[in-house]
Trainee: 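Shown below is the structure under consideration.
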Amino acid sequence: MSLAPLTLEEKALLLEGVDSWHTNAVPRLGVRRLTLTDGPHGVRRVKRDAGAFGLAEAEPSTAFPTSGTLAKTWNPDLAREVGAAIGREAAALGVDVLLAPGVNIVRSPLCGRNFEYYSEDPLVSGVFGAAFVAGVQSEGVAACVKHFAANSNEDFRFVGDSIVDERALREIYLRAFERVVTEAEPASVMCAYNRLNGTFCSEHGDLLTGILRDEWGFDGVVVTDWGATNDRVAGIAAGCELDMPGGVEHNRAEIVAAVRDGRLPHTLLDRAVARVLTLADRCTAGQGGDVDLAAHAALAERVAVEGAVLLNNDGVLPLSSGAAGLVVIGEHFEKMRFQGAGSSLIRPPEIITPRQAFDRRGVEYRFAPGYRSLNAEPDDTLEAEAVAAAAGAGTVLFFCGLGDLEESEGFDRPDLSLAAGQRRLLGRLLDGGARLVLVVSAGAPVSIPRADEAAAVLLLSLPGQNGGEAAARLLFGEANPSGRLTESWPRTADDAGCAADWNRSAVARYYESIYVGYRFHDMAGTDLAWPFGHGLSYTTFAYRDLAVEVREGRVHVTVTIANTGPRDGAEVVQLYVRNNAGAVFKADKELRAFTKVAVAAGAAERVELTFPLTDLAYWDVARHGWVVENGDYEVQVAASATDIRLAAPLTVTDGVESRSPYPASVDRAYATPPQSVPAEFAALVGAPIPAAPSTRHLAMQTRLVDSRATLLGGIMYRAVVGRVRRDLDTALALPEGPERDARVKSAHFVWRMMPSMSLRVMVMSSGGVLPHRVAAGLSDLAAGHPVRGVSRLLTRARKVSR
Ligand code: BGC
């Protein structure tokens, strides 16, 4: 459509939301509004506008396993199917844009939102993200890939500045986005809250235009994360089109003023408006359509089965469903933990808990809850009952893991521990000599003390609404486990590659550079609980006859996988390439391809894995481009990052000669994974590293929790946090049941997240409730500028006609 009939004010309106979940319409010109809705694990269509955090009041929709669980299937076809199923449900509910998938890299095992991301590895994240987007968009619904970029923690996400060297950015943090954008052409991308190397992502021209559009060819719309705008005019100029949730008078007035006084060229405004109008044309699903919820529940179950990871097994699994003397312990058995908390929270039409699935099969067992998952502390009575029930039992199933209030969007975990109550109970069960099978629900690594003394450990992760059925099928051998970890499981968070500078301040120094996940542990020699790619089966596989060939710019690797055990099963074949020993620092090896193959008992399959030779490239900061070094590489076919089964050499001669672009001090410091190396890191980044800002202010960019040190900040903190605490108390007082669970989780998420919010994000996400001039006035007053502060508070806002 021609933009000529639109007024300047209408154009400004088209670039923002009218409420949390809709854009503005221009009815007189037939421009419709768009509906945007979370998220990655199902459609969270809020029933009425319940504000940005009205999480509980959503329409029912299928709760699929979380992204972290989906990726553990190592089966991207399932990601496409799930994307399409969510797309169909979105279309039926009148949703135009689905705010998913999240392809951020799992940098720390402590990030509260890890369950919403696929992996520590960019190939896995990119392949799953691209498949998911293709599925969603096949239904005429636009996908919105998030959170662009380097959004690796929750505690500082609103105010943080991720300092990442160019190479780590390209090879690790942008790589998955690049694959998703170039392969699946998502209609939109969501920029992250944080700053990247000093500039807010929402106004980062190099990121949003230079890289995303000019290099990768993105032709969709960039949407802010909810409240991520800092300077709206700078954002539009940088290539950020849609400001959500919008409704901020100040931003609109700034756009109009900037166009009028020439700071924002009209052409840039029109470019942004045209992109938003094109997005509407790309959302072709329309309202309605049939949804087969039973089929989607079955799909959710298939993913849960394929995504579960058998971590240990001394042969106790599978169980016989008729086994006598089975004792089941753990509240998660009857109150299944099937999803994470935050903006991806789903209200499924029904769920199947492990207990229901056991009962459907007529399994005989004695049950004791042992702990309360909403209370981390030991419960002496429940613990004593559980220990008594386990005494003299044949096999004890202990359902354990993280509770709903321990991992969530909005805050990070302090450590990897299991709740104290579960830890103590586990110790007593082991001391009592129980033959223990641990069934673990958690969206991220958790440290399980004495796990190797258990007879088996089955990780369900967060398995979605049919998780109980999936657990039963696996435990009783109706299905054979075939999931593999997509992140390394360290024993303690201190062993993570980023431990040297994790969540210390708003300035996050990514000292470890490219050494993330197994790229770090391989070279640091970490004693892991379980490595990346690990997972067992009820059968065994042998690898043989490796052949490597380079044809037309691609590496083709073929290998035979033989099922040498008693059952049909599926193996995840992982192809790593060990890097050449050139002058440029590199991880020991990197995943370059993977495939999952079903092999009948006693049979063998020949599989081929292939990847372009250019995937061996590293990002050369001198050339600002990808470069493949000449030299000797090694192709490794593996069952996990630490279980290399076969290897063969691969020599590259048509690349470039190895030459380090770094100063010698960097080469030395980064030859192996570094810890805290401020000087060398600054040389690697190529710029001075900013000091962490003083937090004892009530500035627009200070976290509420930090601004408590000031008088006004303290008042504000108590008012805001007190208000959301009351919501949590109200939810906690509701009668037991699924409604209470959802309300408690949502209210807890907001209560825990609120202290990390800044005045800026509160303004930008308040839909006008907290006007910009009031926040700026308060901040001036707190900083000792009473005249400016009072005058801001008393000034009437500039009105922009609607
Ligand atoms: C989250 C996004 C989400 C948005 C809307 C933000 O706080 O970071 O992932 O899509 O809220 O709910």
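Just so you know, ligand 1 is whichever comes first in the structure, and atom 1 is the first atom listed for that ligand. In this chain, residues are counted from 1 in sequence order. Note: hydrogens, waters and symmetry copies are ignored here, and every other heavy atom, side chains too, is used.
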Trainee: Can you establish whether the number of heavy atoms outside Arg723 located under 6.0 Å from its atom CZ is more than 12?
Mentor: no
Trainee: Would you call Arg282 and Asp219 a salt bridge, taking side-chain N to carboxylate O under 4.0 Å as the test?
Mentor: yes
Trainee: Less than 4.0 angstrom from a charged side-chain N to a carboxylate O is my criterion; do Glu249 and Arg773 meet it?
Mentor: no
Trainee: Run the numbers for me: atoms of ligand 1, each under 4.0 Å from some heavy atom of Met190, listed by number.
Mentor: 10 (O)
Trainee: If the contact criterion is a heavy-atom separation under 4.0 Å, does Glu116 count as touching ligand 1?
Mentor: no
Trainee: Checking contacts here: is it the side chain or the backbone of Met753 that comes within 4.0 Å of ligand 1, counting heavy atoms only? Could be both or neither.
Mentor: neither
Trainee: Hey, looking at atom 5 (C) of ligand 1, which of Asp38, Leu345, Asn104 has the closest heavy atom?
Mentor: Asp38
Trainee: Just go through Val46, Val223, Asp225, Thr224 and tell me whose heavy atom is the nearest to atom 2 (C) of ligand 1.
Mentor: Asp225
Trainee: Does Arg113 come within less than 4.0 Å of ligand 1, judged by its heavy atoms?
Mentor: yes
Trainee: Pick one of side chain, backbone, both or neither for how Trp21 approaches ligand 1, counting any non-hydrogen atom pair under 4.0 Å.
Mentor: side chain
Trainee: For Lys146, is there an ion pair with Asp38 - N to carboxylate O distance below 4.0 angstrom?
Mentor: yes
Trainee: Could you tell me whether Asp729 and Arg725 have a side-chain N and a carboxylate O separated by less than 4.0 Å?
Mentor: yes
Trainee: Taking Glu89 first and then Arg45, would you say they form a salt bridge - that is, a charged N and a carboxylate O separated by under 4.0 Å?
Mentor: no
Trainee: Any donor-acceptor pair under 3.5 Å linking the side chain of Arg175 with the backbone of Asp121?
Mentor: no
Trainee: Output the list of atoms in ligand 1 that are nearer than 4.0 Å to some heavy atom of Glu409, sorted by atom number.
Mentor: 1 (C), 6 (C), 7 (O), 8 (O)
Trainee: Between Arg275 and Glu241, is there a side-chain N and carboxylate O pair less than 4.0 Å apart?
Mentor: yes
Trainee: Taking 4.0 angstrom as the limit and counting only heavy atoms of Leu99, give me the atoms of ligand 1 inside it, by number and element.
Mentor: 10 (O)
Trainee: If you count the atoms of ligand 1 from 1 in the order shown, which ones are under 4.0 Å from a heavy atom of Arg44?
Mentor: 12 (O)
Trainee: Trp226 heavy atoms, cut-off 4.0 Å: which ligand 1 atoms fall inside?
Mentor: 4 (C), 5 (C), 11 (O)
Trainee: Has Met244 got any heavy atom lying under 4.0 angstrom from an atom of ligand 1?
Mentor: no
Trainee: Find all atoms of ligand 1 within a distance of less than 4.0 Å from any non-hydrogen atom belonging to Lys146, and give their numbers and elements.
Mentor: 2 (C), 3 (C), 9 (O), 10 (O)
Trainee: What atoms of ligand 1 come closer than 4.0 angstrom to any heavy atom of Tyr193?
Mentor: 6 (C), 7 (O), 8 (O)
Trainee: Can you tell me how far CZ of Arg337 sits from CG of Leu462, rounded to the nearest 0.5 angstrom?
Mentor: 5.0 Å
Trainee: What atoms of ligand 1 come closer than 4.0 angstrom to any heavy atom of Arg157?
Mentor: 1 (C), 7 (O), 8 (O)
Trainee: Only pairs under 3.5 Å count here: list side-chain donor-acceptor contacts from residues 198-206, not counting sequence neighbours, and write none if there are none.
Mentor:
| from | atom 1 | to | atom 2 | distance (Å) |
| --- | --- | --- | --- | --- |
| Ser202 | OG | Ala228 | O | 2.9 |
| Glu203 | OE1 | Asn230 | ND2 | 3.3 |
| Glu203 | OE1 | Asp231 | N | 3.0 |
| Glu203 | OE2 | Asn230 | ND2 | 3.3 |
| His204 | ND1 | Leu207 | N | 3.3 |
| His204 | NE2 | Leu196 | O | 3.3 |

Trainee: Using the side chain to side chain contact (heavy atoms under 4.5 Å, CB included) criterion, which residues pair with Thr486? Sequence neighbours excluded.
Mentor: Ala71, Lys72, Trp74, Ser119, Val124
Trainee: Kindly confirm or rule out an N or O of His147 lying under 3.5 angstrom from an N or O of ligand 1.
Mentor: yes
Trainee: Is the closest heavy atom of Phe158 to ligand 1 under 4.0 Å?
Mentor: no
